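To start, the structure itself, in structure tokens.
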Amino acid sequence: MSGPQSTRVTSSHWGAFELDVEGDRIVAARPFGADPTPPEIPQAIPAAVHHRSRVARPSIRKGWLEGRKRGGRGSEPFVELPWDEALDIAAQEIDRVRRAHGNEAIFGGSYGWSSAGRFHHAQSQVHRFLNSVGGYVASFGSYSTGCAQAIMPHVFGHNFISHLYDHQENWQTLEAETETLVMFGGINPKNSQVSMGGVTEHGTKGWIGKFLAKGMYCLNIGPQRGDAPEGCEWLPVKPGSDTALMLALAYVLETEGLADHAFLERYTTGYERFRPYLLGQSDGQPKTPDWAAPLCGADPQTIRELARRMASTRTMITVAWSLQRGEHGEQPYWMSAVLAAMLGQIGLPGGGVGYGYGAIGGVGHAFRRMRGMTLPQGVNPVDKVIPVARIADMLRNPGQPYDFNGKREPYPDIRLVYWAGGNPFHHHQDLNAFHEAWQQPETILVNEPWWTPTAKRADIVFPATTPYEREDIGRSPLDDYLFHMPAMIPPVGEARDDYDIFAGLAARMGATEAYTEGRTSTQWIETLYEGYRQFAAEDGIEVPDLAGLREVNWLKLPITYEGPNPSFIRRFREDPDGAPLGTPSGRLEIFSETIDGFGYADCPGHPVWLPPSEWLGAARIEAPLHLVSPQPGDKLHSQLEAALADRPGARPETLVMHPEDAAARGIASGDLVRVFNTRGAVRARARVSDEIRPGVVALPTGAWFGDPGENLDPHGNPNVLTADIGTSKLGQGCSAHTALVEVSGLGLEA
């Protein structure tokens with residue numbers, strides 16, 4: 001349907017862009033003019049919004065509708081129903097489960113990435129709804145940082161997410177003060193395309209360019225050269241070996257008299273418990289560069305020279321989130337803090353340790369924190385919380401005990417799952433096993449715009465709008481822009497906003513007032529925005545009223561600060577007694593009495609080297625190649641995949657492998673290959689490159705998981721191959737980067 005053309009700016013998790021609309025269709029997307037390096041992700045939006053895979057109307061799985069059958073999720077057809085009938089059925093089922101089994105039998109799943117808008121945020125919406133009808137089992141952390149969120153409060157005594165947002169050193173100070181930048185896992189501009197709530201001016205690549213131009217030594221430590229911009233030095237180490245390398249660097253500092261013992265004594269606790277392990281006095285194995293070399297694949301002399309450089313210059317150690325997404329992922333995060341403490345530069349401008357530079361956009365920006373707009377989720381009467389990456393274990397093992405961060409509790413017996421704003425069949429591990437566990441609940445409900453693998457495996461699917469079909473406000477704590485996000489087009493098909501879906505369910509369950517408080521979505525946006533305006537005024541910042549913001553579309557906020565970040569770490573360095581850390585000792589904990597008291601063999605009281613279990617035994621022979629599964633460059637997680645997969649040659653996904661490994665298997669660039677291990681197999685297209693270390697292959701995430709019963713996932717989702725094991729009993733994070741595979745050629749066959 002054609003009509004007048006209009007152009008407006010909107011925002012997303014990958015930043016701002018312009019959209020052209022003709023009638024009720026989005027026809028084009030263009031970069032936002034103020035963005036120095038805009039991503040190409042928005043180009044897929046017109047095709048994705050109007051894609052044939054949109055959920056057209058409420059749908060219920062045939063086997064569930066006819067007999068509440070659990071089996072068949074993912075393979076059975078759906079029956080389309082009118083909205084009122086589908087809402088009646090869903091409300092009756094939720095009510096049945098809570099009355100028969102209690103609200104602790106309901107799991108509220110969401111991953112929070114569905115919209116950058118402050119009101120139409122699916123995670124907030126589903127949790128608010130479930131709280132309004134008695135609560136739900138919640139999850140802790142994220143797949144990206146769940147392990148770090150568990151370990152780092154024990155080390156720094158501070159919430160890890162707050163640490164990321166408020167207390168990392170800014171780019172300007174790094175440029176001015178840092179002489180050596182040691183990047184464990186790199187700093188990748190590809191990953192920093194996205195951020196929770198959006199990043200408008202993508203500057204990561206530009207900042208690294210400035211560092212290199214001033215002569216800063218920038219070292220990328222990891223299996224792929226492309227994990228840092230061109231011009232950075234590269235130390236190609238094996239995945240999962242970073243803790244061994246850090247220990248060897250620490251050994252050089254200690255044995256060559258380069259460790260700052262005055263800092264260790266004043267600002268840390270437990271070094272005397274760690275030092276015997278480092279020197280091999282407690283276990284018989286000194287952590288020398290010669291010991292570490294075969295583990296990590298770095299030359300011993302290179303390790304020694306790097307340690308000396310780090311000790312003689314202002315050094316910033318950065319640690320990518322990917323390092324904690326592996327078995328024993330707590331160890332490199334903890335050990336990086338110990339290494340920085342031994343250098344004595346924590347709290348100095350441009351020195352110390354930072355987590356997450358390049359992992360998302362916005363980390364490193366010099367912005368004053370403003371209070372934001374958040375939809376109240378209410379109070380959850382259910383006190384059961386599981387680590388987010390242990391969902392499959394929970395579904396498989398109701399009532400069975402599990403350990404997490406010092407507690408031992410039984411998994412809840414989940415009868416109903418409500419998922420909105422996410423696709424766990426993208427980001428969970430060992431997807432074939434997850435598919436089987438997903439059959440266990442009695443009912444699964446999903447709000448979703450597209451027929452994703454998760455929607456296909458649900459019982460009741462409600463078609464949800466995309467961010468381009470509803471009004472919202474865009475604002476991120478990691479950004480200095482404020483956006484009015486207009487409804488660009490009417491809802492596609494019979495799609496409804498999550499808020500309206502939940503309001504309909506709440507009305508049928510007698511919870512209208514608790515959920516809506518008598519407000520429409522427009523009234524909620526007005527209320528949240530007015531509260532934000534008041535907060536801004538208290539902070540000395542004037543923003544227009546909502547009518548004014550609608551008129552201007554967007555504005556840049558005056559929240560940039562000058563100089564080093566006034567963080568708790570800097571205050572602690574200046575006055576460790578007056579501004580102690582939040583740890584039991586008030587100091588950075590090299591040895592933690594708390595963790596030691598947990599008695600976990602897989603996470604003892606100080607950092608240690610623990611080899612991943614897949615490195616041991618016969619599995620290493622059968623699957624000799626390390627698999628890393630980085631974030632995709634053309635989208636956020638699996639969003640927009642429906643449209644991207646239509647592009648010629650886009651699927652199966654591309655597997656990067658070193659020429660030596662390719663030649664040994666008779667594989668050339670462009671060949672279709674089978675990537676496999678004992679957990680499953682996927683099809684991919686090979687790209688042979690010396691930009692990856694021998695013995696390592698890389699397969700990006702984001703391809704939609706295939707249908708049940710397929711022996712070979714046709715699209716190339718690496719989580720068919722990854723191990724669904726917790727990082728340790730302490731963190732229970734995901735171990736996606738602990739996976740070994742083999743690759744064989746399929747030739748050029750279709």
Side-chain angles (χ1 to χ4, degrees), residues 13 111-113 118 121 123-124 127 138-171 173 192 194-199 267 316-321 323-324 329-330 333-334 336-337 340 346-347 352-377 385 387-388 405 475-480 532 535 539 559-561 564-576 579-589 592 594 730-731 733:
H13 290 303
Y111 209 49
W113 282 102
R118 298 309 305 147
H121 180 250
Q123 185 180 68
S124 300
H127 291 171
S139 59
F140 168 85
S142 72
Y143 285 78
S144 295
T145 61
C147 172
Q149 287 176 259
I151 183 64
M152 296 314 287
H154 292 289
V155 180
F156 280 103
H158 204 75
N159 177 279
F160 180 68
I161 299 301
S162 176
H163 190 138
L164 286 175
Y165 283 7
D166 296 334
H167 302 286
Q168 304 269 58
E169 194 62 277
N170 59 60
W171 296 118
T173 302
S192 62
V194 304
S195 184
M196 287 79 76
V199 54
Y267 296 95
M316 171 61 76
I317 300 168
T318 66
V319 187
W321 289 357
L323 269 66
Q324 54 89 64
E330 297 82 5
Y333 264 57
W334 197 352
S336 63
I346 294 175
V353 61
Y355 303 94
Y357 291 97
I360 55 173
V363 173
H365 288 186
F367 300 144
R368 289 188 289 126
R369 188 72 178 267
M370 292 180 65
R371 287 168 287 182
M373 291 164 276
T374 302
L375 177 68
Q377 296 183 15
V385 179
V388 69
N405 207 359
R475 171 78 187 106
S476 166
L478 294 178
D479 198 34
D480 59 344
Y532 169 75
F535 289 147
D539 293 336
I559 58 174
T560 302
Y561 67 83
N565 187 354
S567 71
F568 79 93
I569 297 172
R570 185 153 289 115
R571 296 192 297 272
F572 168 66
R573 176 153 192 138
E574 294 169 354
D575 184 8
L581 301 181
T583 57
S585 66
R587 302 291 187 263
L588 189 154
E589 301 221 342
S592 168
T594 300
L730 185 123

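No experiment lies behind these values; they were computed from the predicted model shown.
- In plain terms, the two heavy atoms of M196 and S476 that are nearest each other are O-OG, 3.1 Å.
- With rounding to the nearest 0.5 angstrom, the CD1 atom of I161 is 9.0 Å from the OG atom of S144.
- Remark: the backbone N or O of T145 is paired with a side-chain donor or acceptor of S142 at under 3.5 angstrom.
- The structure places CZ of R369 at 8.5 Å from NE2 of H167, a figure rounded to the nearest 0.5 Å.
- Remark: the backbone N or O of H127 is not paired with any side-chain donor or acceptor of Q377 at under 3.5 angstrom.
- Side-chain contact check for L730 versus H154: some heavy-atom pair is nearer than 4.5 Å.
- With R368 contributing its side chain and Y561 its backbone, the two residues share no donor-acceptor pair below 3.5 Å.
- Closest heavy-atom contact between P576 and Y267: CG-CE2, 3.7 Å.
- Counting heavy atoms from C-beta outward, I360 and W321 have side chains that approach closer than 4.5 Å.
- From M316, atom CE reaches atom OG1 of T173 across 9.0 Å, with rounding to the nearest 0.5 Å.
- In terms of heavy-atom proximity, T583 sits nearest to F156 at CG2-C, 3.7 Å.
- Considering every non-hydrogen atom in both G362 and V199, the closest pair reads N-CG2, 4.0 Å.
- One finds the NE2 atom of H163 at 6.5 Å from the OH atom of Y355 (value rounded to the nearest 0.5 Å).
- No donor-acceptor pair closer than 3.5 Å links the side chain of R587 to the backbone N or O of L581.
- Counting heavy atoms from C-beta on, the side chains of E169 and P564 come closer than 4.5 Å.
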_Could you walk me through whether H365 and D480 satisfy the side chain to side chain contact (heavy atoms under 4.5 Å, CB included) test, starting with their C-alpha distance in whole Å, then the side-chain angles of each, then the deciding distance to 0.1 Å, before giving a yes or no?_
CA-CA 9 Å; H365 288 186; D480 59 344; over 6 Å; no
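- With hydrogens and angles disregarded, a donor-acceptor distance shorter than 3.5 Å links the side chain of R118 to the backbone of M373.
- Of all non-hydrogen atoms in V353 and S336, the two that sit nearest each other are CG2-OG, 4.0 Å.
- N565 and Q168 make their closest contact through ND2-O, 2.7 Å (heavy atoms, listed as atom of the first residue, atom of the second, distance).
- For the atom pair CZ of F367 and CG of D479, the computed distance is 6.0 Å after rounding to the nearest 0.5 Å.
- Side-chain atoms of E574 do not come within 3.5 Å of backbone N or O of R571 as any donor-acceptor pair.
- Side-chain atoms of S139 never come within 3.5 Å of backbone atoms of V388 as a donor-acceptor pair (strictly under, hydrogens ignored).
- Within the model, atoms CD1 of I151 and OH of Y333 stand 12.0 Å from one another, a figure rounded to the nearest 0.5 Å.
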